[in-house]
Amino acid sequence: MLEIVWFKRDLRIHDHAPLAAAAASGHAVLPLYILEPELWAQPESSGRHFAFLRESLLDLDSGLARLGARLVLRVGEAVDVLAALHRSHGIATLRAHEETGLLWTYARDRAVRAWARRAGIPVVEYRQHGVWRALRARDGWARRWDAMMEAAPVPAPEALRFADLRSDDAPDAAALGIAADPCPGRQTGGRAAAIGLLRSFLATRGRTYRRDMANPAAGAGSCARISAHLALGCLSLRETNRAALRAQAEWRNAGDDVYAASIASFRSRLHWHCHFIQKLEDEPGMERVALHPACRDLRPIGPDHAARVEAWATGRTGFPFVDACMRSLDATGWLNFRMRAMAVAFASYHLWQDWRLPARHLARLFTDFEPGIHYPQMQMQSGVTGTNTARIYNPVKQSRDQDPDGAFIRRHVPELARLPDAFLHEPWRAPPEILAASGIELGGTYPPPLVDHVLAAAEARQRIYGVRGGAAFRAEADAIQSRHGSRRSGLPPTTRVKPTKTVRRKRTAVDRTQGVLDLTPR
């Protein structure tokens, strides 16, 4: 009989409760990853995701090898793969972490549980984030999160009694129908890469995090850059939080309040990570349907929808900073949060596009695509939750604020490189002779603006707030806020985080506890 540990988005051996429980069971353990062709056919999937996954699986396999086991790969539908293993070897228990993913993975997990019930196989799922199944109310959510993060990480087993079964041949991306997806600046997957990034962020890179995180160029170096590794579970959130908490205490004890405050800001975003995933856990339909009913037909898909989204997606809107952000994202798989919000807002407000097509395009571009963060954020930034202020970013102001010398624009929109600083943020204002001297033809080498951004923003604001009047709208918004809002969750603000007695208490508790993440690649 087999103890199956079904790896999904938890690709590590440390702080892995299903693996530890299987190792302690006395049965032979089968570490299993199922490569599901239908999952890779979903519109959110991309080649960069697949490449990052393969690297992470190889790293996980190396970790299991140190325990005397290997990762067994099977290709096919999850129920078919598990049923075949049960017929050939018998399954004592199927263990896995809970997953908050796409509607597709939600349906797949339900199908697996239904099959297991019929087969008489126990399915044991373990929480890996601060996200709770069947949560009735958000009251006390932050206290639960704190308690989970304060608990000691689960040690990796010293050894495994390995069920030595063969793996299927691993198909490449083309065999799965995944389109070519060149991404020269993509991050490397796997736990070793994740630990290296976290170590350097906490030791050197993160000191100016608070100052740099809104800037797409500076943020690329000063942000932690572990979001993709958290999305696939190469690191656990608990390991990450505890390592950050210890580093925060060390920098404060060393008298570097700037670095300590930056790490405090980073830790606040770990809270928000789970806060947003909790939204999708509670409301899986957010992937497809706007939360507030009054916003569901707010932006009808018109005949120009696909063309406008294509111009936005390929960085050909005529707004240099927006275009630079989209091209940088395409080339690297990453963009800082402020610019993600601006990109969504530009598509939603200035171009007045329904949020779902841009959402799927961005999902494919983000190497760190996390459904539970992505879809609630898409709804929030496009103003269809009914509970958030309409955040309409001025693309020219953002350009001047975040890229005053134009270095980011010139790097990613090289056809504008020769344009003088005075016109780089608004090339449509440049005199014809300046454009000609710079080798630019608006409508030829570079497009004119798709819209008048001032008029488009004013019209969008009028449309958004035009549907928000009336008692019925407010009553529905209040119900949404009660179910999904953070006000009663105790979440810290995302800016100006100050040391508190609670923070000091947590630091002391962690300093007394064994099992803080060892930041050495293993």
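Just so you know, these numbers use all the heavy atoms, side chains as well, and skip hydrogens, waters and symmetry mates. We count residues from 1, following the sequence as given.
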Item to check | Heavy-atom side-chain contact between Tyr446 and Pro320 under 4.5 Å | outcome: yes
Checklist entry - Can Asp181 and Arg186 be counted as an ion pair, charged N to O under 4.0 angstrom? => result no
Item to check | Note, His350 side chain near Arg308 side chain (heavy atom, < 4.5 Å) | outcome: no
Next on the checklist: Taking the basic N atoms (NZ, or NE/NH1/NH2) and the acidic carboxylate oxygens, is any pair closer than 4.0 Å for Arg48 and Asp330?
Outcome noted: yes
Item to check | Within 45° cone of Tyr106 ring axis and under 6.0 Å: Arg110 NZ or CZ | outcome: yes
Item to check | Any donor-acceptor N/O pair, Asn336 side chain to Ala214 backbone, under 3.5 Å | outcome: yes
Checklist entry - So, the side chain of Glu287 versus the backbone of Tyr375: is there a donor-acceptor pair under 3.5 Å, distance only? => result no
Checklist entry - When you check the side-chain N and O atoms of Gln187 and Trp334, is any donor under 3.5 Å from an acceptor? => result no
Next on the checklist: Between His305 and Arg299, is there a side-chain heavy-atom distance shorter than 4.5 Å?
Outcome noted: no
Checklist entry - In Å, rounded to the nearest 0.5 Å, how long is the span from SG of Cys223 to CZ of Arg205? => result 8.5 Å
Checklist entry - Ignoring hydrogens and geometry, is there a side-chain-to-backbone donor-acceptor pair from Gln379 to Met286 under 3.5 Å? => result yes
Next on the checklist: Closer than 3.5 angstrom, by distance alone: can the side chain of Thr332 be matched with the main-chain N or O of Gly185 as a donor-acceptor pair?
Outcome noted: no
Checklist entry - From Leu270 CG over to Ile226 CD1, what is the distance, rounded to the nearest 0.5 angstrom? => result 7.0 Å
Item to check | CA sep, side-chain torsions, deciding dist, call: His16, His97, ring-ring contact (aromatic ring centres under 6.0 Å, His included) | outcome: CA-CA 8 Å; His16 199 291; His97 274 119; 4.6 Å; yes
Checklist entry - Do Lys8 and Asp109 sit within salt-bridge range, that is, some charged N less than 4.0 Å from a carboxylate O? => result yes
Item to check | Short side-chain to backbone donor-acceptor contact, Thr385 and Thr387, under 3.5 Å | outcome: yes
Checklist entry - Between CH2 of Trp355 and CZ of Arg360, what distance do you get to the nearest 0.5 Å? => result 9.0 Å
Checklist entry - Under 3.5 Å, side chain of Ser482 to main-chain N/O of Ala479, donor-acceptor pair present? => result no
Item to check | Worked verdict on His229 versus Phe52 for side-chain contact (heavy atoms from CB on, under 4.5 Å) | outcome: CA-CA 9 Å; His229 303 88; Phe52 191 91; 3.5 Å; yes
Item to check | Check against side-chain contact (heavy atoms from CB on, under 4.5 Å), Asp323 and His412 | outcome: CA-CA 8 Å; Asp323 293 343; His412 295 287; over 6 Å; no
Next on the checklist: Quick one: does any side-chain atom of Arg191 pair with a main-chain N or O of Leu11 as donor and acceptor, under 3.5 Å?
Outcome noted: no
Checklist entry - Side chain of Arg95, backbone of Glu125: donor and acceptor closer than 3.5 Å? => result no
Item to check | Flag, side chain of Asp354 to backbone of Pro300, donor-acceptor distance under 3.5 Å | outcome: no
Item to check | Parallel, tilted or perpendicular: ring planes of His275 versus Trp272, cut at 30 and 60 degrees | outcome: perpendicular
Next on the checklist: Cation-pi check for Phe266 against Arg210: NZ or CZ below 6.0 Å from the six-membered ring centre and within 45 degrees of the axis, yes or no?
Outcome noted: no
Checklist entry - Is there a donor-acceptor contact under 3.5 Å from the side chain of Ser382 to the main chain of Val344? => result no
Checklist entry - Is any side-chain heavy atom of Phe321 closer than 4.5 Å to a side-chain heavy atom of Pro216? => result yes
Next on the checklist: side-chain contact (heavy atoms from CB on, under 4.5 Å) for Arg269 and Met213? Distances and angles first, verdict last.
Outcome noted: CA-CA 12 Å; Arg269 281 156 177 79; Met213 60 183 168; 3.3 Å; yes
Item to check | Stepwise side-chain contact (heavy atoms from CB on, under 4.5 Å) check, His292 with Phe473 | outcome: CA-CA 8 Å; His292 201 296; Phe473 184 96; 3.3 Å; yes
Next on the checklist: Within the 4.5 Å heavy-atom criterion, are Ser45 and Phe369 side-chain neighbours or not?
Outcome noted: no
Item to check | Side-chain heavy-atom pair Tyr126, Val154 within 4.5 angstrom cut-off | outcome: no
Checklist entry - Once the angle between the rings of His374 and Phe366 is folded into 0 to 90°, is it parallel (under 30°), tilted (30 to 60°) or perpendicular (over 60°)? => result perpendicular
Next on the checklist: Just so I know, are the side chains of Ile464 and Leu298 near enough to count as touching, which here means a heavy-atom distance under 4.5 Å?
Outcome noted: yes
Checklist entry - Rounded to the nearest 0.5 Å, how far apart are CG of Asp10 and CD of Gln128? => result 5.5 Å
Next on the checklist: Distance check, rounded to the nearest 0.5 Å: Trp40 atom CH2 versus Leu176 atom CG?
Outcome noted: 8.0 Å
Checklist entry - Minimum heavy-atom separation for Gln381 to Phe337, with atom names? => result NE2-CZ, 3.8 Å
Next on the checklist: Whether Glu283 and Lys279 form a salt bridge (side-chain N of Lys/Arg under 4.0 Å from carboxylate O of Asp/Glu) is what I want to check.
Outcome noted: no
Item to check | Contact check, side chains of Glu239 and Arg12, non-hydrogen atoms, under 4.5 Å | outcome: yes
Item to check | Interatomic distance, Arg9 atom CZ to Leu232 atom CG [nearest 0.5 angstrom] | outcome: 7.5 Å
Item to check | salt bridge (charged side-chain N to carboxylate O under 4.0 Å, His left out) evaluation trace for Glu38 with Arg108 | outcome: CA-CA 10 Å; Glu38 191 175 337; Arg108 173 255 274 149; over 6 Å; no
